[in-house]
Protein chains: 4
Amino acid sequence: MSNKRERILSAAEVLIASKGFHGMSMQQVAKHANVATGTIYRYFADKETMLRSAHVERLSEVAIAIVAGVDASKPCYDQFSKLWRNTLHYLRANPDSLCYRVQYEASPLFNREEEQQIDERYFKTVLEFFECGRAQGVFRDIPAQLLGFIALENLMLLTQKCTKGCIELDDELYQQLLDASWNAILKR
Amino acid sequence: MSNKRERILSAAEVLIASKGFHGMSMQQVAKHANVATGTIYRYFADKETMLRSAHVERLSEVAIAIVAGVDASKPCYDQFSKLWRNTLHYLRANPDSLCYRVQYEASPLFNREEEQQIDERYFKTVLEFFECGRAQGVFRDIPAQLLGFIALENLMLLTQKCTKGCIELDDELYQQLLDASWNAILKR
Amino acid sequence: MSNKRERILSAAEVLIASKGFHGMSMQQVAKHANVATGTIYRYFADKETMLRSAHVERLSEVAIAIVAGVDASKPCYDQFSKLWRNTLHYLRANPDSLCYRVQYEASPLFNREEEQQIDERYFKTVLEFFECGRAQGVFRDIPAQLLGFIALENLMLLTQKCTKGCIELDDELYQQLLDASWNAILKR
Amino acid sequence: MSNKRERILSAAEVLIASKGFHGMSMQQVAKHANVATGTIYRYFADKETMLRSAHVERLSEVAIAIVAGVDASKPCYDQFSKLWRNTLHYLRANPDSLCYRVQYEASPLFNREEEQQIDERYFKTVLEFFECGRAQGVFRDIPAQLLGFIALENLMLLTQKCTKGCIELDDELYQQLLDASWNAILKR
DNA sequence: GATGAATGAGCTTTCATTCAT
DNA sequence: TATGAATGAAAGCTCATTCAT
């Protein structure tokens, strides 16, 4: 079995986080992944394909991490709290993945249709949670996608600022932020 | 009179938005700005300096746009509403500037100290508004920077998604989002 | 088997001789050496490194050529004559190498310490000859390096003038010049 | 009266000595000479012309310096000694001019016919001295040009090595070198 | 005459991709 | 399958030269 594919994607992610989307070369990826340059092209048609693959695979990973341990039988807030904390935890544990995503989504590689398919495929559970809360009249009467966005997406930029050292957060502040997100989506 | 400097920065912004931070070349910028390649280097020491300048100058512009018409004598919510709508309006009117900023901040060009200075210099008024609301017990008891972040920063990613066509928003939804932001920062 | 490195150095030498130290471009070298531009950079870190390598390798070559067939058991004059004629022969056979050296030594690439090491490493035999003659009281009582300089170095400029067509020399004149060099270093 | 022309030539000389024949730009020359870039082109048709002018004018200067105070009524050796010391003195006082000359003569700018005309025009007196000594049977029976070359030219490379710090010379050694040059050209 | 902003060809160097081994 | 030397287009940047002022 070959773990080369995974090594290559990891190397790309690390390099993009440290050197930026530009400034990462296939040679560097190869060296970092401990494979020959040509080997990359046995797993990916070209650079773009490699970057897309890294993106998709990281998203599927984060999707799993977010819903881990979320118990649909528990109260709505508990589920939300779990989702929020999972997201935070993943982002803090994988700052490279985050850096990568932000740059990817701002890049011309980003493709709306593709992204929608990914969302629907991987984030189904998350969207269903918000859909459900909305149907029960707990959340605002706006698309589930938007609820999810308000509640979780800004964690992305926030964590990035933390990673870069612009903001420092402690448990007390995290609790406040969780509470803020909850209040944001709540119907009144 | 020389508007070349401005033309160059604009061209860079447009190109980054359409082709990504990587994939923008100095030659393209020159062509877009209708100047010779060498001319760029009369205004900026190198590519990095040019990119930094574009970043700083755009931030100063957005800072002015955000606080325009905010009346400190009006009720707190009115001021907030104005700030929020100003931000939204600017972002929608300048999607390129937005795209640029996200990529810049995720890139290795980004420098914490520099950014802090910019924040303090240009966004003083905005931060003061949040500071004031916090002091009066209207907003959560967390740093003003964080209040500002929760309330306004996620507009950035949201507008980006709109621009890319991932989300469609109408006035009714905007009102909901404004309300969500307000509830997020409010003390209870 | 790779003779590319050698082809590249040769091409550089030829081009510098014909177009000058400036006016030689890496592209030209590549074309002349029948390799791609990028290939040069597989063998040399950058232009400067390539130029340095050419210099050192040519010096080691000339050092070997100069002492070829010099028999230490023969009379002093015979040895000197052989050295002098070897030098002359090499320079006439390799006018490009000469042109290159003069320009290299006058350029900012030239580094004293480095040069001293090269001298000591490659021209040991030559210096020893002069040292020996000096010790025996045959040559002037001045540093061997200086004796070598007086006797052989001006052949460099002289041959250059010949190559450029400024001076024309025949065997009779060469004999006179050899004699002049001999008289210059001789103690009286 | 404008001394700009002279300032420009001096600047070029200094820059070439420090940065090499390549690595000197017209912009740098202009800045060094305290004139505008365009101004250079009011005095010289192009870069090549400027470099040629610098060469010719320096040679005329050195020619004057070499024969200064040489008294044709004095004994031959005294005249030679004066010539030799003048040359040495000029070269030591103007290492830049030297550096420049070596590079110029090795460059493609160098032109045989032109050089011959310069020699004949400026170095007439020097050549006549050697011609005369040869006619009187004091010097070797070889062209005056060659006598001059043997006697004085190697001072050029020697001084260059001194300037670069490769060789250290004192008065005692200079006397030896003068003597060596004298013996080299002497008929026996 | 003098200026220096502007030009764009050409420089050194990088890097996505290929292909003989 | 895997390799990595080789490629050459294209990148960032420089600089001899021009020209409107």
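This structure is a prediction, so every number in the text was calculated from the model and none was measured. Below, chains carry the letters A, B, ... as their sequence lines are ordered, and counting in each starts from 1.
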Check: A:Asn3 side chain, A:Glu6 main-chain N or O, donor-acceptor pair, under 3.5 Å
no
pair_partner(E:dC11), Watson-Crick or wobble, both distances < 3.5 Å, evaluates to F:dG12
Of the listed E:dT7, F:dC13, E:dT12, the closest approach to the B:Val35 side chain comes from E:dT7
Could you give the NZ-to-C1' distance, from B:Lys31 to E:dT7, as a whole number of Å?
15 Å
Map B:Tyr41 and C:Thr39 onto DNA chain F by nearest heavy atom, then report which one ends up closer to the 5' terminus.
C:Thr39
Return the nearest nucleotide to the side chain of B:Tyr43; candidates are E:dA6, E:dA16, F:dC15.
E:dA6
Contact under 4.0 Å: B:Gln27 side-chain N or O vs F:dA10 OP1/OP2
no
Among F:dA11, F:dT17, F:dT7, the nucleotide that comes nearest once only the side chain of B:Ser25 is considered
F:dA11
Specify the separation, in whole Å, of atom CD of C:Gln28 and atom P of E:dG10.
11 Å
Whole-Å distance, A:Ile8 CD1 to E:dT17 P, equals 14 Å
Sub-3.5 Å donor-acceptor pair from the side chain of C:Tyr100 to the main-chain atoms of C:Leu51, do we have one?
yes
What is the distance from CZ of D:Arg42 to P of E:dG4, rounded to the nearest Å?
14 Å
Atom pair OG/CD1 of C:Ser53 and C:Ile8 - distance to nearest 0.5 Å
10.5 Å
Residue matched to E:dA20 through Watson-Crick or wobble contacts both under 3.5 angstrom
F:dT3
Report the distance from atom CE of C:Met50 to atom P of E:dC11, rounded to the nearest whole Å.
13 Å
Quick one: is B:Lys47 getting a side-chain N or O under 4.0 Å of the F:dC13 phosphate, OP1 or OP2?
no
Pick the nucleotide of DNA chain E nearest each of A:Met24 and D:Ala36; which residue has the one closer to the 5' end?
D:Ala36
Rounded to whole Å, please give me the gap between CD1 in A:Ile40 and P in E:dC15.
13 Å
Please answer whether the main-chain N or O of B:Glu57 pairs with a side-chain N or O of B:Ser60 as donor and acceptor at a distance below 3.5 Å.
yes
Please tell me which of the listed nucleotides, E:dA16, F:dC13, E:dA2, lies nearest to the side chain of A:Met26?
E:dA16
Salt bridge present between A:Glu13 and A:Arg101 (N-O < 4.0 angstrom):
no
Touch check for D:Thr37, heavy atoms < 4.0 angstrom, all strands: base, sugar-phosphate only, or nothing?
base
Rounded to whole Å, how long is the line connecting atom CG of B:Asn34 with atom P of E:dG8?
10 Å
Using atom CZ of B:Phe44 as one end and atom P of F:dT14 as the other, report the distance to the nearest whole Å.
15 Å
